[in-house]
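What follows is one structure encoded as C-alpha cells, with my remarks underneath.
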Amino acid sequence: MQPDKQNANLRIAALVSVGKHPGSGRARRAEQDARAVEMGLAMAPQGLEVLHAGDPHAEALRAYAGMGLKKIRILQQGENADAVPALSQYLGESKPDIVLTGVRAESGESSGMMAYLLGEKLGMPVVTRIAEIVSIDNGQANLLQALPRGQRRALRVPLPFVASVDMAAAAPRQSAFGPASRAEMEAKKADVEVRDEVQASWSEAPARKRPKRLKVVKAKTAADRFKAATAKSSGDGGKVLRDKPASEMAQAVFDLLLEEGVIR
Amino acid sequence: MILDWLLPVLISVALLLAVAGMLKRISLWRAGQPEKVSFFSGLMAMPRRYLVDLHHVVERDKYMSKTHVATAGGFVLSMVLILAVHLFGVENRWLSYALLSALVLMFVGALFVFKRRLNPPSRLSKGPWMRLPKSLLMFAVSFFIATLPAAGILPENFGGWLLAAVLAAGIVWGMGELLFGMGWGGPMKHAFAGSLHLAFHRRPERFGGGRSTGLKPVDLTAAKLGVEKPTDFKWNQLLGFDACVQCGKCEAMCPAFAAGQPLNPKKLIQDMVVGLAGGSDAKFAGSPYPGIEVGKAEGGPNKTITEGLVSPDTLWSCTTCRACVEECPMMIEHVDAIVDMRRFLTLEKGNTPNKGAEVLDNLIATDNPNGFNPGSRMNWAADQNLRVMKDVKEADVLFWVSDGAFDMRSQRILRSFVKVLKAANVDFAVLGDEERDSGDVARRLGDDATFQSLAKRNIAAMSQYKFKRIVTTDPHAFHCLKNEYADLYPEGQKPDYEVLHHTTFINELVKAGALSLEEFKGGTVTYHDPCYLGRYNGEYDSPRELLNELGIEIAEMERSGFRSRCCGGGGGAPITDIPGERRIADMRMAEIKETGAELVAVGCQQCTAMLEGVVEPRAEVKDIAELVADALIEGDAPVSKKNGKQAKPNADKRVAEEIL
Ligand code: SF4
Ligand code: SF4
C-alpha cells in the first residue's frame, strides 16, 4: 500500500460473495473477491464500499470485514434471488468510479458473468482479469491485465468501469478476528428482488475432474523441459484481425460463433 | 551523642520515603486490568511460597541460595531489630547483641554477593546491580558500628564527631539502597514486588509442587483482544514483571536467544517494566536482544508496545518452550506475556508473520494447518482396520491421532503405535474424520478464536462417545486436551476422561506385562524431552523407563529433563520463521552428538520433523513408539521382564483391561 497510490476522492465498490473452500466445501472469503477488497483498500481506503447481495447473516462475510473494514453493505435478498438486478440498481444510484468483482464465484452458478452483466446494465466498460490498478490520472485508470504465464497487458481505461480481479492481483491481507466480529453489517432489503428462475430449475452436483490428455514432453535437458512447461501453446487455426473496419471484424467473430454452434 | 537523635530521624525519613515510593509503584500496577485474587489467603501463603517454592528453584544454584538466605535473612532480621533498638530506643543489651549477629550474618552473605560480582557471568545484569553488594556491606558495617555502644561494647561517644559523621554517611547510603531503592525502582525493588508477586501470582496452582501451564482463554467479546499496551496486562502480571531480579537464568536457557534470534526473555521482562513505568531502555545493563541495539526502545503505560518498545519479531521468535519460566527464580510467566501480545497482533491487527496467516486460514477452512481435505484424515489408516467411534460408540481408549495423520513421516509413528496397541489387545478407537486439529498452533500464534472454535467442536465430537482415556502420540495435542480444553466445556460440564501421552501408556502396558519386547540392539541412544511433554506436563520418567525396558542405557544430554532444550518446533516458530544466526534444531543436534549417540529417541512428531531436518551426518531420529514396535515379539505369550513369569494364553487381553 503506497500512500501515493491512495486517491482521496476515488470511490470504489468491491463486490463480495460467499466463497467455498475446494477441499472442505466450507464457506469462506472468496479468493478473488478478497483480492478485489485488497485492491480497493490499497487504492482508496476511505472511498471503498464493500457490497454483498444476499444473506446478511452469512458468517463468511465477516472474513472480509476482518481485513479492516468498518462496515459491509448488504442488499438483503433471498437465497434464490438473482444478484445482478439488486446490485445494478444500487450501483446505478451510488455511481462508484470503479466496480471490482472476482472473475467467477466459488459457489452457486459460478458462471463468471457478473462483471459483464453489470457492465451491460450500468453502461460501463468491462475489463477482465486485472492484476493491478497502477495509477489514476485525468479520469483515466492505468491498469495491468493478467494474461497467462505471468504476462501483463497495460491498459488505459476511462472511469467509471467494471473490472474483474484476477488471482494474479496482490494477495489479500490477513483477516483479523477482532475487527471482523465488530464490523457493522449494514443490511437493507434490496429494492428489487428478482427470482433467478433459471437457477431454481437446476440441480447442483459436485464437478468431476475431466480426464486430461497427458502432455508427453520429449526433452533432453532441464532447460528444454522448462521451455516446454512455460511455452505458449500454439493454438492452430487462429486468425488475427487488426486494422480493419469494425463491422468486418464483428462479422468474422459472428461467423465463427455460428460455425462453432455457439449461437444459432 | 549525635547519632542518638540523628539515627531515628534518618530511619524515619528513609521509611517514609520508601513507603511513598511503594505506594507510587502500587499505583502503576493498578493501572493494569482487574483480576480476581484471593487477597488474604494469598498474603498468608506468601511466606511459605517464598521459603519453600521459591527456595526450591533458587536451590538449583546452591551458591546463590545460601548467599541469598544469609543476606536476605540477615537484612530482614536486622531491619526489625534496628526499628526496636534505634528507632524505638528499646534498651536491652540482648536485643543489641541479636542485632549485631543479624548484621554479621548479612555481612557474610553480602561478601559472597560481592564475590559473585567480581567476575559476573554474561547473563547477569550490571549497572546498579554491581553497586548492590557494596551497599549491602555498607549497611551492615555502619549499623554494626553504630550498634556497638548500645550493646555496651564501646563507650558512648566513642570516636566523636568524625566517626558519627562517617557512620551517618554509611547509613544514608545503605538505607538509600535498601529502603528508598526498594520503593523507587532500585535493585531492591525485587524484594517488595517479589513478595507481593508471590502472594498474588496469577497461577497459584504452581505453588506446593503443582503445575499450571495451560494458557488462559481470551474473552472473545471484549472490546480489545490481547495486549496492546502495558496497561492491557492484568495488574498482577505487571506486578510480576517488577519482581524480576535480572539474574538472566531465563536468558541462559532460551533457545531463541542462543540461536541469535532477536529475543532475550530477561530483556523482554525489563522492557515490560520500562513500559509500565514509562521511559526508555537506555539504563538496561544486560545482554541485548541479539541484533538489536539497546537504548532505542521507548514505552509508556498507554503506548502500543510493538510500536517502539518491543519489535514484533521478538515476540514471534519464542517457541513457547517454557525453559525461561521453569528457570525463573521469581516465577515470572514469560510465555503468558508473549502470547498475550501475540494475541493482539493476530486478532486485532491481522499481522501474523510469514506463513502464519495461511496456516490460520487453513485451520479455519479445513481444520488442519496444511489445508488438506478434512475428509481425508483417515487415509493414512486405510490398511489398519481401525475402529471408528462413530461405529462403535464406546471404547476403553480413544486414540487421538492428531495432524500427524497428514504427514508421511508422522504416519510411521502412528502405525507403530497402532501396532503396539494391537499387540497388547487394547480396546481402542479413533474419531476418524470427526477429529480436528487440537488448536495448539492457532493458540500459540495468538488466534484464540480459532483455538476455541476447534476445541469446542472437538469437545462436541468427543462428548458423543464413551471412553475412559485419551492417548495421543502428539505432546501438543496432549497438552491442549489435558490442560486447556477444560476451560471450554459447556457450562456445568467437565472432561471425564484421563489424557495420557503414548509413552506413559506404553510404559503401563509393559509394566503390566501386556507386551513382550526384545532387547534393543543398536548403538548409543540418547533421549530428547519434548517441551510439551516435559516442562508442560512433568512427564520425564515414563519415556526413560520405557527405554530402560528395552535394555537401553540412556546417554543423557547435559540439557535434559526439565532443562531440556527445545527442538525449535513449538509455538508456531517454524511457521513464523524469524531469522537468527543459527537454527535451534542444529544446536540441539550438536548436543545430541556430544553424547556420542547414534540414535536419539523422541516422543513427538514435531521434534522428529525438526531433528530430522538437520543435515546428515547426524544421529538417527526415532519415536519411542517406533522403537517399541520394532522390539515387539509377536505371537508369543508375553513374558513380563520383571518377574519372568510366563503369562497364560490370552492373559494379555486381561492384563490390558486391568490397567485401564
Ligand atoms: S519460552 Fe523458550 S523460546 Fe520463549 S522466551 Fe522462554 S526460553 Fe525463550
Ligand atoms: S525473568 Fe526471572 S529468570 Fe529472567 S532475569 Fe528476571 S528473575 Fe531472572
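This is a predicted model, so every value here is computed, not measured. Numbers restart at 1 for each chain; the letters A, B, ... are given by sequence-line order, proteins then strands.
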A:Asn9, A:Asp97, A:Ile98 screened by side-chain contact (heavy atoms from CB on, under 4.5 Å) with A:Ile136, the one that passes:
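It is A:Ile98; the other options fail the test.
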Who in residues 568-575 of chain B is close to chain A, using a strict under-4.5 Å heavy-atom cut-off?
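Within residues 568-575 of chain B, no residue comes under 4.5 Å of chain A, counting heavy atoms only.
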For [Y], is there any backbone N or O sitting under 3.5 Å from a side-chain donor or acceptor partner on [X]?
X	Y	value
B:Thr346	B:Leu445	yes
B:Arg342	B:Leu315	yes
B:Glu484	B:His479	no
B:Thr472	B:Asp474	yes

Checking A:Asp33 now: which residues fulfil side-chain hydrogen bond (donor to acceptor under 3.5 Å, both in side chains) with it, not counting sequence neighbours?
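A:Ser17.
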Top contributor to chain A contacts, counting heavy-atom pairs under 4.5 Å, from B:Ala222, B:Gly375, B:Pro374
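So the answer, after comparing B:Ala222, B:Gly375, B:Pro374, is B:Pro374.
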Using a cut-off of under 4.5 Å on heavy-atom pairs, state which of B:Leu360, B:Leu225, B:Thr366 scores highest against chain A.
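Top count of heavy-atom pairs under 4.5 Å with chain A: B:Thr366.
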Would you mind checking which part of [X] comes under 4.5 Å of any heavy atom in chain A, side chain (CB onward), backbone (N, CA, C, O), both or neither?
X	result
B:Leu345	neither
B:Asp448	neither
B:Thr352	both

Heavy-atom check, side chain of B:Met389 versus side chain of B:Glu435, under 4.5 Å
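They are not in contact (no side-chain heavy atoms under 4.5 Å apart), so the answer is no.
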Could you tell me which of A:Arg26, A:Met67, A:His21 has the largest number of non-hydrogen atom pairs under 4.5 Å with chain B?
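Max contact count across the listed options: A:Arg26.
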Hey, are B:Asp361 and A:Arg28 close enough for a salt bridge, meaning a charged N less than 4.0 Å from a carboxylate O?
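Answer for the salt bridge query: no.
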In plain terms, say whether B:Asp340 and B:Arg343 are close enough for a salt bridge, that is, a side-chain N and a carboxylate O under 4.0 Å apart.
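A salt bridge links B:Asp340 with B:Arg343.
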